[in-house]
Colleague: 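Mind having a look at this structure? Questions to follow.
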Amino acid sequence: MDVIRIRGGRPLEGSIEIGGAKNAALPLMTAGMLTDERLVLSNVPKLADIRTMSSLISQHGVAVEPQEPEGRRLSIGGAITNDEAPYDIVSKMRASILVLGPLLARVRTARVSLPGGCAIGARPVDLHLKGLEQMGATIKLEGGYVDASAPQGLKGATILMPFVSVGATENLLMAATLADGRTTIANAAREPEIIDLAHCLIAMGARIEGVGTDKLVIEGVKRLHGADHRIIPDRIEAGSYACAAAISGGSLLLRGARLDQMEALARTLAECGVEISEQSDGLLVTRARTLSGTDVSTEPYPGFPTDMQAQYMALMCVAEGAAMLSETIFENRFMHVPELNRMGARINVHGASAIVRGVPSLSGAPVMATDLRASLSLVLAALAAKGQTTISRVYHLDRGYEAVERKLAACGADIERLSA
Ligand code: EPZ
């Protein structure tokens with residue numbers, strides 16, 4: 001298994017290309033299952049999770065074909081010949097549950113393995129299932145699988161989500177595009193990735209109102225057609241590299257990043273002493289002064305993203321003063337804390353909050369990645385630490401960050417990937 005070795009202490013300078021958003025690409029790929037025609041997605045990131053989603057969709061019989069050698073354009077579409085999403089793929093990637101809505105909408109049956117818990121929390125899928133039941137599906141849980149059917153087709157329904165769920169909103173939105181009649185999803189998630197999905201579905205012929213609000217109204221249509229869609233830039237990748245500029249005391253141009261998708265993070269970083277300015281080709285991020293401890297609480301969009309909590313925590317480890325980070329979305333998303341503490345950080349976790357007391361410097365150590373965003377927080381800590389850090393289990397990183405060592409090395413980081 002590969003490890004990443006970093007020698008810290010170099011301010012990063014230069015520019016980094018921000019790729020297409022992983023969390024937009026995954027549901028968009030499953031949207032390709034809603035039509036026999038071709039959905040062509042461009043700006044597809046080259047990531048392990050995208051490869052996993054390609055295998056899943058292909059094994060449903062739907063063709064997933066790269067349109068150019070780099071694989072950044074994917075064409076998806078065709079008849080669904082198998083309605084089963086097997087355990088071996090779903091257990092690798094929870095976003096596999098996003099085939100459920102499209103399968104039910106297209107072929108009226110689906111057998112999808114239950115994803116089970118994961119490193120950051122229990123992550124049930126009850127809201128996905130309840131919403132589909134409200135749309136007329138019969139759902140049975142048996143042998144670790146969701147067996148769903150809607151022999152007469154899905155029907156429009158009024159669904160009030162008890163709390164905000166990104167994945168459930170996406171699954172129900174996709175299912176509703178082909179349902180009979182009008183579906184209303186109230187308290188819907190409003191993440192930029194959902195807006196991107198809605199725009200793509202509209203380009204495919206779906207009738208959706210309220211895009212970008214917490215109330216989506218969908219008039220079902222008989223069929224969707226092919227379309228060309230460019231995936232939005234990855235706001236979490238951009239936010240992660242903004243923290244890299246800040247923690248290293250340098251300045252990075254994040255090419256392609258969009259401020260309108262990351263305002264909560266930008267406001268928090270500005271309070272800490274990090275300047276972000278819009279340029280014609282992206283965002284310029286510069287540490288303007290000594291970092292100061294600033295509290296945050298994770299919230300659904302447009303609040304501070306849970307997917308930035310671990311990276312922001314690394315930054316707070318070397319800020320002046322203390323910061324309280326509250327995690328309101330997932331119940332176990334502090335697994336990076338013991339690893340950061342091994343590097344000399346002073347973090348105490350109390351229930352859903354962590355108190356981070358800034359230290360003058362961190363020191364390099366062997367550490368272990370525990371999940372995707374936790375891995376990046378260790379990379380950030382290592383960039384600021386004195387001495388050498390080796391990060392193991394970097395397959396977590398490869399799920400959601402493309403060529404992280406190449407991008408950082410090009411900006412002056414002393415980083416390399418070693419085959420252990
Ligand atoms: C999406 O996960 C993202 N994944 C996650 O990205 C992100 O952390 C999360 O949204 C929150 O922003 C993708 O987009 C592929 P949720 P999702 O449903 O859809 C609970 C990353 O690092 N819940 O909004 O699974 C759930 O347990 C990641 O890229 C239920 O209880 O998140 C959680 O506590 C990891 N029942 C909360 O809701 C349900 O049926 C929000 O989860 C669904 C969710």
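Atom set for the values below is all heavy atoms of this structure, side chains included, hydrogens, waters and symmetry mates excluded. Counting starts at 1 for both ligands and their atoms, in listed order. In this text, all values refer to a predicted model and were calculated from it rather than measured experimentally. Positions are given from 1 along the sequence.
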Colleague: Mind checking what makes ring-ring contact (aromatic ring centres under 6.0 Å, His included) contact with Y401, not counting sequence neighbours?
Modeller: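 Here no residue qualifies.
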
Colleague: Tell me which part of M308 gets within contact of ligand 1: side chain, backbone, both or neither, using heavy atoms under 4.0 Å.
Modeller: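 M308 to ligand 1: no contact under 4.0 Å from either part.
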
Colleague: Which ligand 1 atoms does T306 reach within 4.0 Å, using its non-hydrogen atoms?
Modeller: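 So the atoms of ligand 1 that pass are 8 (O), 11 (C), 12 (O).
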
Colleague: Identify, by atom number and element, the atoms of ligand 1 in contact range of D126, meaning under 4.0 Å from any of its heavy atoms.
Modeller: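 Those of ligand 1 that fall under 4.0 Å from D126 are 30 (C), 31 (O), 36 (N), 39 (C), 40 (O).
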
Colleague: Is Y301 near ligand 1, meaning one of its heavy atoms is under 4.0 Å from it?
Modeller: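 It does not, in that no heavy atom of Y301 comes within the 4.0 Å cut-off of ligand 1.
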
Colleague: Determine the sole option in D36, D83, T35 for which the side-chain hydrogen bond (donor to acceptor under 3.5 Å, both in side chains) test with R106 is passed.
Modeller: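 The passing option is D36.
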
Colleague: Contact between ligand 1 and R333 is defined here as a heavy atom of the residue under 4.0 Å from a ligand atom; is it met?
Modeller: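 Distance cut 4.0 Å: R333 passes for ligand 1.
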
Colleague: Using a 4.0 Å heavy-atom cut-off, say whether R123 meets ligand 1 through its side chain, its backbone, both or neither.
Modeller: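 Both backbone and side chain.
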
Colleague: Do N171 and H128 have side-chain N/O donor and acceptor atoms under 3.5 Å apart?
Modeller: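 Short answer, yes.
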
Colleague: For the 3.5 Å polar cut-off, considering only N or O atoms, please tell me whether E191 and ligand 1 meet it.
Modeller: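 In fact, backbone or side chain, E191 has no N or O that close.
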
Colleague: Identify which of T169, L98, V125, V166 has a heavy atom lying nearest to atom 24 (O) of ligand 1.
Modeller: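 Nearest option to atom 24 (O) of ligand 1, by heavy atoms: V166.
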
Colleague: Below the 3.5 angstrom mark, is there an N/O of G167, backbone or side chain, next to an N/O of ligand 1?
Modeller: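 Yes; at least one N/O pair falls below 3.5 Å.
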
Colleague: Under a 3.5 Å distance rule, please check whether R287 uses its side chain to pair with a backbone N or O of A246 as donor and acceptor.
Modeller: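 Answer holds: yes.
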
Colleague: Checking side-chain contact (heavy atoms from CB on, under 4.5 Å) between I391 and each of V379, D2, L397, I415, which is the one that passes?
Modeller: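 Considering V379, D2, L397, I415, a side-chain contact (heavy atoms from CB on, under 4.5 Å) with I391 is found only for V379.
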
Colleague: Please confirm whether A168 approaches ligand 1 to less than 4.0 Å, judged on its heavy atoms.
Modeller: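 The answer is no, since A168 has no heavy atom less than 4.0 Å from ligand 1.
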
Colleague: Could you say whether the N/O atoms of I329 and ligand 1 ever approach to under 3.5 Å?
Modeller: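 Yes; at least one N/O pair falls below 3.5 Å.
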
Colleague: Considering only heavy atoms of H128, which atoms of ligand 1 have at least one such atom less than 4.0 Å away?
Modeller: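 With H128 as reference, the close atoms of ligand 1 come out as 40 (O).
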
Colleague: Measure from the side-chain N and O atoms of E339 to the backbone N and O of M368, and report whether any donor-acceptor pair falls under 3.5 Å.
Modeller: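 Confirmed, E339 side chain pairs with M368 backbone.
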
Colleague: Mind checking whether R373 has an N or O less than 3.5 Å away from an N or O of ligand 1?
Modeller: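 Yes - when backbone and side-chain N and O of R373 are compared with those of ligand 1, one distance drops under 3.5 Å.
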
Colleague: Short N/O distance, under 3.5 Å, between L127 and ligand 1?
Modeller: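 Among all N and O atoms of L127, at least one is under 3.5 Å from an N or O of ligand 1.
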
Colleague: Just which atoms of ligand 1 are under 4.0 Å from any heavy atom in K22?
Modeller: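 Near K22, meaning under 4.0 Å from one of its heavy atoms, ligand 1 has 21 (C), 29 (O).
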
Colleague: Ligand 1 and L26, any nitrogen or oxygen pair closer than 3.5 angstrom?
Modeller: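 N/O-N/O distance below 3.5 Å does not exist for this pair.
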
Colleague: So, applying side-chain contact (heavy atoms from CB on, under 4.5 Å) with I202, which one of L224, I208, T177 is it?
Modeller: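 In the set L224, I208, T177, the residue that makes a side-chain contact (heavy atoms from CB on, under 4.5 Å) with I202 is I208.
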
Colleague: Considering residues at least two apart in sequence or located in another chain, which fulfil the salt bridge (Lys or Arg N to Asp or Glu O under 4.0 Å) criterion with K92?
Modeller: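 None.
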
Colleague: Before you tell me yes or no, could you show the steps for Y145 and Y87 under ring pair (Phe, Tyr, Trp, His ring centres under 6.0 Å), namely the whole-Å CA-CA distance, both residues' side-chain angles and the distance that decides it to 0.1 Å?
Modeller: CA-CA 8 Å; Y145 275 76; Y87 176 71; 7.6 Å; no

Colleague: Can you tell if the side chain of C411 reaches within under 4.5 Å of the side chain of I16, non-hydrogen atoms only?
Modeller: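 With C-beta onward as the side chain, the pair touches.
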
